[in-house]
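See structure below.
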Amino acid sequence: MDEAERILDEATDWLLALTEKPGDRLIQVRFQQWLAADRRHGEVWESLNHSYDLIGKTQPQRARRPEDGARAPSRRWFRQRERGGRGSGHPLQALRKRRVLAVAASVALAVWLAPEAVLALQADHRTGTGELQVAKLEDGSIAQLGPGSAIRVRYAGGERRIDLLAGQALFEVKPDKSRPFRVHADDVTVTVLGTGFDVRRLPSRTEVGVRHGRVRVDRSAYAASPVFLSAGDFVAIGEEGKAVTDHVAPQLIASWALREVNARDRAVSDVIDDIRPWYRGKIIVASTALGRRRVNGVYDPRDPSKAIRSMILPLGGAVTQITPWVIVVHE
């Protein structure tokens with residue numbers, strides 16, 4: 001918490017400096033250096049600006065991230081100063097602005113910490129961006145977590161239960177007929193029938209793939225028959241429990257564990273979804289048509305920009321990187 005508060009204090013100081021001296025080039029350069037020094041700086045900066053916008057509706061300007069440039073104060077603000085009224089130079093207005101900023105900072109800290117704090121409290125094992133982790137479970141089974149992933153382990157009574165809270169994980173399960181091994185991801189439950197398998201949570205679907213052995217996939221929220229998968233089988237459970245199955249070479253299942261993204265006649269947008277957990281910023285696919293194009297190849301997600309370029313440029317598309325935080329894929 002001390003580290004988070006330190007970063008927020010620095011972000012607050014920068015917001016004050018940029019709003020009070022919007023034309024100071026030296027301040028802007030130093031601010032850019034601060035922002036680039038740590039990815040958490042950008043996260044807190046965005047949260048602080050959002051909170052300030054919501055709370056401080058009358059601030060003279062919104063300081064922005066360096067790639068956007070610092071926007072000049074509004075004409076209304078200049079008119080206030082010319083009249084000698086309660087512009088940002090007036091002591092009462094300055095005091096009010098600092099009070100608003102203090103409230104915004106408190107909100108920003110809560111917003112920034114809340115998702116991470118909740119996940120940290122729930123998870124027994126978790127990973128960050130671009131990080132892999134192998135967790136040995138108490139029964140001798142192995143869970144390998146992909147980047148940006150989290151699991152909760154609950155072994156009790158006659159069941160071994162794993163909740164996939166975020167991301168994806170590859171499981172190698174030690175057989176135990178007296179205690180079924182089940183993985184829960186949203187409304188999907190995967191029951192092991194002796195296997196090595198991969199489960200992934202995405203905003204719009206849950207995916208299950210089998211390396212070896214066999215699993216049963218149930219959609220608990222829907223009146224649907226279970227899906228049985230064997231080695232190389234893959235299923236994506238989407239809206240309303242709709243299941244789309246496919247079959248690939250078993251070694252292609254969970255290729256992320258080898259730090260690879262494999263594409264066999266896959267849509268560009270789906271392949272980019274596999275790369276996202278390895279990138280600290282945002283990847284924007286600005287062309288729907290380009291996102292639907294099919295590709296084949298093996299990509300290294302540890303260099304997201306290079307991987308995306310090697311996929312998109314042969315298709316006649318373009319990739320623009322806007323600072324280290326944003327990659328845009330477009331026609």
Residues Arg201, Asp186: salt bridge by 4.0 Å N-O rule
yes
Begin from the C-alpha positions of Lys174 and Asp176 and carry the test salt bridge (Lys or Arg N to Asp or Glu O under 4.0 Å) through to its verdict.
CA-CA 7 Å; Lys174 186 174 181 179; Asp176 184 346; over 6 Å; no
Test side-chain contact (heavy atoms from CB on, under 4.5 Å) applied to Tyr299 and Ser310, step by step:
CA-CA 8 Å; Tyr299 307 98; Ser310 65; 3.5 Å; yes
Assess the side chains of His212 and Thr195: does a donor N or O sit below 3.5 Å from an acceptor N or O?
no
Test Val271 against Val261 for side-chain contact (heavy atoms from CB on, under 4.5 Å), laying out the working first.
CA-CA 7 Å; Val271 179; Val261 171; 3.7 Å; yes
Has Arg294 got more than 12 heavy atoms of other residues, nucleotides or ligands less than 6.0 Å from its CZ?
yes
If the threshold is 4.0 Å, N to carboxylate O, is there a salt bridge linking Asp139 and Arg160?
yes
Non-hydrogen atoms of Pro277 and Pro147 that approach each other most closely:
O-CB, 3.5 Å
Pair Arg182 + Glu159: basic N to acidic O under 4.0 Å:
yes
Could you walk me through whether Phe234 and Val210 pass side-chain contact (heavy atoms from CB on, under 4.5 Å), step by step?
CA-CA 7 Å; Phe234 171 89; Val210 178; over 6 Å; no
Determine, step by step, whether Asp270 and Arg205 satisfy the salt bridge (Lys or Arg N to Asp or Glu O under 4.0 Å) criterion, reporting the C-alpha distance in whole Å, the side-chain angles of both residues, the deciding distance to 0.1 Å, and the verdict.
CA-CA 12 Å; Asp270 289 340; Arg205 65 187 185 276; 3.6 Å; yes
Does this structure show an ion pair linking Arg276 with Asp274, if we count only N-O contacts that are shorter than 4.0 Å?
no
Heavy-atom closest pair (Gln321 atom, Ser305 atom, distance to 0.1 Å) is OE1-OG, 3.1 Å
Search all heavy atoms of Leu145 against all heavy atoms of His125 and return the closest pair with its distance.
CD2-O, 3.4 Å
For residues His247 and Asp233, is any side-chain donor paired with an opposing acceptor at under 3.5 Å?
yes
Just by distance, no angles: are the side chains of Trp256 and Asp198 close enough, under 3.5 Å, to form a donor-acceptor pair?
yes
Electrostatic pair Arg216-Asp218, nearest N-O below 4.0 angstrom:
yes
Side chains of Asp13 and Phe31 in contact at under 4.5 Å (non-hydrogen atoms)
no
List the steps and the verdict of salt bridge (Lys or Arg N to Asp or Glu O under 4.0 Å) for Asp273 and Arg266.
CA-CA 11 Å; Asp273 279 345; Arg266 297 180 64 198; over 6 Å; no
Indicate the atoms forming the closest heavy-atom contact of Ala243 with Arg219, along with that distance.
CB-NH1, 3.5 Å
Could you report the tightest heavy-atom contact between Ala257 and Leu170, atom names first, then the distance?
CB-CD2, 4.3 Å
More than 12 heavy atoms of other groups within 6.0 Å of Arg293 CZ:
no
Applying side-chain contact (heavy atoms from CB on, under 4.5 Å), run through Ile284 and Ile327 and close with a yes or a no.
CA-CA 6 Å; Ile284 301 170; Ile327 296 174; over 6 Å; no
Within a radius of less than 6.0 Å around CD of Glu138, do more than 12 heavy atoms belonging to other residues, nucleotides or ligands occur?
yes
Is a side-chain donor-acceptor pair under 3.5 Å present for Glu331 with Ser287?
yes
Do the ring planes of Trp14 and Trp34 sit parallel (below 30°), tilted (30 to 60°) or perpendicular (above 60°)?
tilted
Positive for side-chain contact (heavy atoms from CB on, under 4.5 Å) with Val217, one of Val183, Val208, Thr206
Val208
Could you pull out the closest heavy-atom pair between Val199 and Leu164, with the gap in Å?
O-CD2, 3.4 Å
Do His184 and Thr189 have side-chain N/O donor and acceptor atoms under 3.5 Å apart?
yes
